[in-house]
Colleague: 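I am attaching a structure below and will ask some questions about it afterwards.
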Amino acid sequence: QLYKNGQLIERFEPGSNDFHWQVVDSASIGAIYYFVKLVQEDADILWSSPIWVNSSGQYQQPEKKTTPIAELRENIANGVPRRLGETNITVRGVATAGVQFGTDGPGFLQDETGGIAVFGSLFTGKVIPTFPFEFEVTGAVSTFNGLTQIIPYSVQRAGTKTFPAPRQTSTGEIAQDGESLEGLLVTIVGVTIPGRFPPAGAAANIAIDDGSGTCILRIDESTNIPGTPVMQGVLSITVLVGQFDPVAPYSSGYQIMPRSTDDITVISTVDGAEGETPMAFALHQNYPNPFNPTTVIRYQLPVNSDVVLSIYTVSGQLVRTLVDGPVAAGSHAAQWDGRDERGWSVASGVYVYRLTAGAEVQARKMVLMR
């Protein structure tokens, strides 16, 4: 990375230990200093001594450039940010978290291209959680246990916008492709939280699953969640996607982090007491409905059964089979992502989901709106 009076002007990825890099800069006036910074794959940073150039006249600072957050979220092969170590990077976005995860954060900032963590009280102290302030943040690109973050040295409120709509996702997508979601505000529908929340002032990692795969729900000790009872039933949770992976290539350890109890909503209660076998066969209305593109279908079985749960068009054409095989007695949930058996997205419209369990058959309608 080549800097001119502290401002990044050129960057180059050599791809090997032996390389030649030539940069021609335009003529400048005033006192100019250059230095080169080298960021290694192991995240160690080396830099040259400054090289001074003196010309007559007064130097003018270059115009400040705003960088899309998605550009800072790109990684090299070992999971280190491609832009690691770059300074004077400016981003603009709406704050989605401030001091909820502690005075130093991480706070989070999101623009139209992605989300990123911002570390330090300089940022978190200016965030009002209930107010959608847009911020202009200038700082250095850093990383902590796989989590890409900005260490700010200039934070300014740039006006107000609206909070970004949470992207609907699943626990399985978090587990399988957490990197693409890191830093974003997301919603997961159709989960239950097993066990208990940690006591007040303590943190905990809880494994949760909406039927698509298991991911880690991180309960941060700085939130108001520790010490409260776990919400019972099927839940919708709005969370920020983080990461804690201390070992390269930093491709695991993705976590979802609710900011407060307000981020956890009960959408339906569980039939019977915890662990109790349901008394009757039932197919519940999907949630959300209408949906785009993911919805959760819950059902309950009083006895072990061979189950088939399928999606059809209103004309009776099979779209997708979600469950086909033996299922134990109890309450269950299946998720449909709006795709057919080939993995292609289906069109908006009314669909029918049908559950067969032994001699029992039930069906309901749902609406996909893209």
Side-chain angles (χ1 to χ4, degrees), residues 164-177 180-181 184-192 208-215 233-239 256 265-271 278 280-370:
R167 172 177 167 178
Q168 190 168 327
T169 185
S170 65
T171 56
E173 186 177 11
I174 297 290
Q176 297 169 15
D177 192 24
S180 68
L181 300 171
L184 288 177
L185 189 67
V186 302
T187 293
I188 301 174
V189 177
V191 297
T192 57
I208 63 171
D209 190 343
D210 63 3
S212 63
T214 301
C215 76
V234 179
L235 310 174
S236 171
I237 57 174
T238 298
V239 291
I256 53 175
T265 303
V266 179
I267 58 176
S268 63
T269 57
V270 175
D271 297 302
F281 170 83
L283 175 63
H284 299 284
Q285 186 63 51
N286 65 302
Y287 185 91
N289 187 45
F291 63 97
N292 178 25
T294 304
T295 191
V296 173
I297 300 169
R298 297 189 306 110
Y299 60 96
Q300 61 186 51
L301 305 173
V303 295
N304 298 348
S305 305
D306 287 325
V307 170
V308 178
L309 176 60
S310 298
I311 312 295
Y312 296 88
T313 65
V314 290
S315 62
Q317 181 181 359
L318 178 66
V319 176
R320 177 92 171 266
T321 297
L322 303 179
V323 182
D324 186 2
V327 177
S331 296
H332 303 276
Q335 180 172 275
W336 185 42
D337 59 2
R339 297 177 183 272
D340 62 17
E341 296 285 12
R342 297 167 295 179
W344 294 356
S345 296
V346 300
S348 298
V350 178
Y351 292 85
V352 176
Y353 57 101
R354 183 175 184 267
L355 177 69
T356 302
E360 301 283 356
V361 179
Q362 286 189 16
R364 290 178 178 268
K365 293 181 178 180
M366 57 183 170
V367 180
L368 171 59
M369 297 181 63
R370 294 193 183 276

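Side-chain atoms are counted along with the backbone in the values below, which use heavy atoms only and exclude waters and symmetry mates. If you read the sequence from its start, that first residue is 1, and numbering goes on from there.
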Colleague: Would you mind listing every ring-ring contact (aromatic ring centres under 6.0 Å, His included) that reaches into residues 343-370, with sequence neighbours excluded?
Modeller: Trp336-Tyr351
Colleague: For a 4.5 angstrom cut-off between non-hydrogen side-chain atoms, does Val307 reach Leu355?
Modeller: yes
Colleague: If every non-hydrogen atom of Ala334 is compared with every non-hydrogen atom of Leu322, which pair is closest and at what distance?
Modeller: CB-CD1, 4.3 Å
Colleague: Verify the neighbour count for atom CD of Gln317: are there more than 12 heavy atoms of other residues, nucleotides or ligands below 6.0 Å?
Modeller: no
Colleague: If we only count heavy atoms from C-beta on, is the Leu185 to Thr238 side-chain gap below 4.5 Å?
Modeller: yes
Colleague: To the nearest 0.5 Å, what is the distance between OH (Tyr299) and CZ (Arg364)?
Modeller: 15.0 Å
Colleague: Any side-chain heavy atom of Tyr287 within less than 4.5 Å of one from Val234?
Modeller: no
Colleague: Check for a donor-acceptor pair, side chain of Arg370 on one end and backbone N or O of Ser345 on the other, with a separation under 3.5 Å.
Modeller: no
Colleague: Indicate yes or no: at least one non-hydrogen side-chain atom of Ile256 is less than 4.5 angstrom from one of Ile208.
Modeller: yes
Colleague: Can you pull the salt bridge (charged side-chain N to carboxylate O under 4.0 Å, His left out) pairs that have at least one residue in residues 306-327, sequence neighbours excluded?
Modeller: Arg320-Asp337
Colleague: So do Ile174 and Ile188 actually touch side chain to side chain, heavy atoms under 4.5 Å?
Modeller: yes
Colleague: Looking at Asn292 and Thr294, would you say the former's side chain and the latter's main chain have a donor-acceptor pair under 3.5 Å?
Modeller: no
Colleague: Could you state the interatomic distance from CG (Leu309) to CG (Leu283), rounded to the nearest 0.5 Å?
Modeller: 7.0 Å
